[in-house]
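For reference, the structure is listed below as structure tokens.
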Amino acid sequence: MSVVTETLAGWGNYPRAECEVAHPESAKGVRRAVSSAGTIARGLGRSYGDPALNEHGRVIAMEGLDGYLGFDEATGTLRCEAGTTLEQIIADFAPRGFFPMVTPGTKFVTVGGCIANDVHGKAHHADGCFSSCVDSFRKLLASGEVVECSREANADLFWGTFGGMGLLGVVLDATIRLRPIETTFFHQKAITARNLDELLDAIEEHDEIYPYSVAWLDSLATGDALGRGVLTVGDHAKLADLSPARRRDPLRVSAPSPLVVPFDLPSFTLSTFTIRILNLVLDQVQSHGASVAHYEKFFYPLDFVGEWNRGYGKRGFTQYQFVIPLEGGRDRMRTILSRIAASGCAPFLNVLKRFGEANEAPLSFPFRGWTFAIDFPIGDGLAPLLADLDAIVLEAGGRLYLGKDAFLDAPTFRRMYPRLDEWLALKGRVDPDGVFTSNLARRLELV
Ligand SMILES: Cc1cc2nc3c(=O)[nH]c(=O)nc-3n(C[C@H](O)[C@H](O)[C@H](O)COP(=O)(O)OP(=O)(O)OC[C@H]3O[C@@H](n4cnc5c(N)ncnc54)[C@H](O)[C@@H]3O)c2cc1C
């Protein structure tokens, strides 16, 4: 097994860190790769900030562990190694009539990464987080022991791992449930809203009917137009929903997109590039009102351009995602959107959703409330703006998503996650010497 020094970053290319990266290809190799001087597992590095970085320490790249260990066609239950990606699962199982139960906005993520962040998708209000589709996993602990975790066995470790950011050990493989599908298409509908109230009303109304729901809003709009945007809702298309041409290949899977951003673009191309990305998203949400869309367009419009993160240039970017309770949420959202619009920190991509109920995991991010995610390029005025927004989110009883964050400080984090002490007690029990650590762990004092 090779161990090489590499400069790594998350998807936002901020921060960057020099790490010793091991590339094991088996569970035994993972065990050998764990360094008592400090180790963290890494999937495809699609978290935006620093959870899969470990400056001057060991990072275990998990993509070599991507084998299937069993599949039950009757129940759609798949056992696979933790480095298996959703892209791979879709390519291999969609043609057989199965799709991931929960997926984030990119398919270039590993099962281990989805577990560690307890990722959510467009259907959180209907399906919950990734943990909803995980029956069990095997986990390598700091002691070298491998334990099976499920809702019945080692339940505290099972739940502590979702949102636990890889800090309780390495997930080696997992048993997950896939969703039976008739087609790889979705019927979808777009609703335009002239202001925030209309948009939030539309989300509330349509969440009762459709499992998939996501809105984009014009974050530069102010005054009466504040919060104007487009809501897209949808559901899996049945065979009968497809045109005769599509019915000939209802479980079609896409070939990889040929479009890749070849290098970090200089900042003068930033606006052109991001407008192009934005247009792709808008094309997806607006021009397909009441139509049928392939899963690539429905779930993954951003995957169409490979490595689009380079479009933000060398300084990189961050994504700020928070959730605030529904009660009083409309006014808080208005305050936050006004603050962003007035900031001059040109915001680009954004997503607004309504989450369903929280699950049992102490550090899982979602709870019943409004969630908003927005990209900001790294720039001089950004840190103070984010600190201001943190204060508003905290006062509203909300919190930030660690899968996207790179700026939050430890005291604010502690106040945002009231079950932190419960999780820290678990960490102290299974990893008393802090073998599993990362840049994020040190920043947020999760060690
Ligand atoms: C375009 C885009 C859209 C996105 N949309 C969404 C979205 O809609 N919803 C959402 O929730 N997220 C979203 N994300 C974030 C992304 O889904 C998560 O950050 C995901 O966890 C990344 O998976 P990864 O395999 O790349 O893991 P990495 O980013 O490499 O690692 C993430 C965490 O997982 C841990 N980890 C990885 N493998 C293991 C393992 N085997 N054992 C233990 N710990 C492990 C790492 O230590 C780290 O803490 C999006 C990201 C992008 C780039």
Side-chain angles (χ1 to χ4, degrees), residues 8-13 19 21 24 27 30 33-34 39-54 58-66 80-88 100 102-124 128-131 137-141 149 160-174 212 214 277 280-281 299-309 317 319 321 323 349 351 353 355 363-366 371 373 375 401-405 436-441 444 446:
L8 296 179
W11 187 245
N13 282 322
C19 311
V21 188
V30 173
V34 173
T39 300
I40 195 70
R42 179 177 173 95
L44 293 190
R46 253 46 180 203
S47 296
Y48 281 62
D50 54 0
L53 303 183
N54 191 14
R58 182 65 54 86
V59 169
I60 305 183
M62 293 296 291
E63 75 260 18
L65 277 86
D66 61 353
C80 61
E81 290 185 305
T84 308
T85 65
L86 294 194
E87 182 201 23
Q88 192 184 332
V102 172
T103 172
T106 174
K107 59 189 179 301
F108 301 119
V109 286
T110 63
V111 167
C114 289
I115 290 175
N117 268 320
D118 201 13
V119 299
H120 56 271
K122 288 178 173 189
H124 184 272
C129 289
F130 199 76
S131 45
F137 50 77
R138 285 192 325 133
K139 194 170 177 102
L140 173 69
L141 300 182
C149 302
T161 297
F162 295 103
M165 312 309 291
L167 296 168
L168 298 179
V170 183
V171 174
L172 299 173
D173 49 63
Y212 297 99
V214 66
I277 295 281
L280 272 174
V281 179
F299 280 131
Y300 311 122
L302 292 172
D303 286 351
F304 187 63
V305 185
E307 303 195 40
W308 59 263
N309 55 339
F317 69 113
Q319 189 173 94
Q321 180 170 5
V323 55
L349 292 178
V351 169
K353 294 190 267 221
F355 279 151
L363 294 190
S364 182
F365 162 65
T371 183
D375 283 358
Y401 183 25
L402 300 188
K404 308 281 179 71
D405 168 60
F436 293 104
T437 184
S438 63
N439 282 30
L440 173 138
L444 298 180
L446 281 167

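Both counts, for ligands and for their atoms, begin at 1 and track the order of listing. Just so we're clear, the structure is a prediction, and the values are computed from it rather than from any experiment.
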In the structure I gave you, are the side-chain heavy atoms of [X] and [Y] within less than 4.5 Å of one another anywhere?
X      : Y      : result
Val170 : Phe436 : yes
Leu86  : Pro104 : yes
Ser364 : Ser131 : no
Thr85  : Lys107 : no
Ile40  : Leu167 : yes
Leu440 : Leu446 : yes
Leu53  : Arg42  : yes

Contacting atoms of ligand 1, where contact means under 4.0 angstrom from a heavy atom of [X]:
X      : value
Val119 : 10 (C), 11 (O), 17 (O), 18 (C), 20 (C), 21 (O)
Trp11  : 53 (C)
Met165 : 47 (O), 49 (O)
Ile40  : 47 (O)
Asn117 : 18 (C), 19 (O), 20 (C), 21 (O), 32 (C)

In the protein, what heavy atom is nearest to [atom], and what distance, to one decimal place, separates them?
atom                    : result
atom 9 (N) of ligand 1  : His120 O, 2.7 Å
atom 52 (C) of ligand 1 : Thr106 CG2, 3.5 Å
atom 34 (O) of ligand 1 : Ala116 CB, 3.1 Å
atom 22 (C) of ligand 1 : Val109 CG1, 3.5 Å
atom 27 (O) of ligand 1 : Gly113 CA, 3.6 Å
atom 4 (C) of ligand 1  : Gly105 N, 3.8 Å
atom 47 (O) of ligand 1 : Ala41 O, 2.6 Å
atom 19 (O) of ligand 1 : Ser47 OG, 2.8 Å

Do any nitrogen or oxygen atoms of [X] lie less than 3.5 angstrom from nitrogen or oxygen atoms of ligand 1?
X      : answer
Trp308 : no
Tyr401 : yes
Gly43  : yes
Leu44  : yes
Phe108 : no
Arg46  : yes
Ala52  : no

Any non-hydrogen atom of [X] lying under 4.0 Å from ligand 1?
X      : answer
Gly45  : yes
Phe130 : no
Cys129 : no

In Å and rounded to the nearest 0.5 Å, what is the CG to CG distance from Leu168 to Leu363?
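These two atoms lie 8.5 Å from each other.
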
Which one holds for [X] and ligand 1: side chain close, backbone close, both close, or neither close, with close meaning a heavy atom under 4.0 Å?
X      : value
Lys404 : side chain
Met62  : side chain
Thr110 : both
Val171 : both
Tyr300 : neither
Phe365 : neither

Using the six-membered ring wherever Trp is involved, compare the ring planes of Tyr48 and Phe317 and label them parallel, tilted or perpendicular (cut-offs 30° and 60°).
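Perpendicular, since the angle between the ring planes exceeds 60°.
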
Hey, what's the ring geometry for Phe355 with Phe365, parallel, tilted or perpendicular (30° and 60° as the breaks)?
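The rings of Phe355 and Phe365 stand perpendicular, inter-plane angle above 60°.
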
Taking [X] for the side chain and [Y] for the main chain, is one N or O donor matched with an acceptor at less than 3.5 Å?
X      : Y      : result
Arg46  : Val109 : no
Asn309 : Trp11  : yes
Thr161 : Gly164 : no

For the residue pair Asn54 and Ser438, what are the closest heavy atoms and their distance?
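Closest pair (atom of Asn54, atom of Ser438, distance): OD1-CA, 4.0 Å.
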
Non-hydrogen atoms of Cys80 and Val111 that approach each other most closely:
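Of all heavy-atom pairs spanning Cys80 and Val111, the closest is SG-CG2, 3.9 Å.
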
Using the side chain to side chain donor-acceptor pair (under 3.5 Å) rule, take Thr110 and Glu63 through it: C-alpha gap first, then chi angles, then the decisive distance, then the call.
CA-CA 8 Å; Thr110 63; Glu63 75 260 18; over 6 Å; no

Between Tyr212 and Phe299, is the ring centre distance below 6.0 Å?
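When the ring centroids of Tyr212 and Phe299 are compared, they turn out to be within the sub-6.0 Å range.
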
Ignoring hydrogens, just give me the one of Ala82, Gly169, Ala174 whose non-hydrogen atom is nearest atom 43 (C) of ligand 1.
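Comparing heavy atoms across Ala82, Gly169, Ala174, the nearest one to atom 43 (C) of ligand 1 lies in Gly169.
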
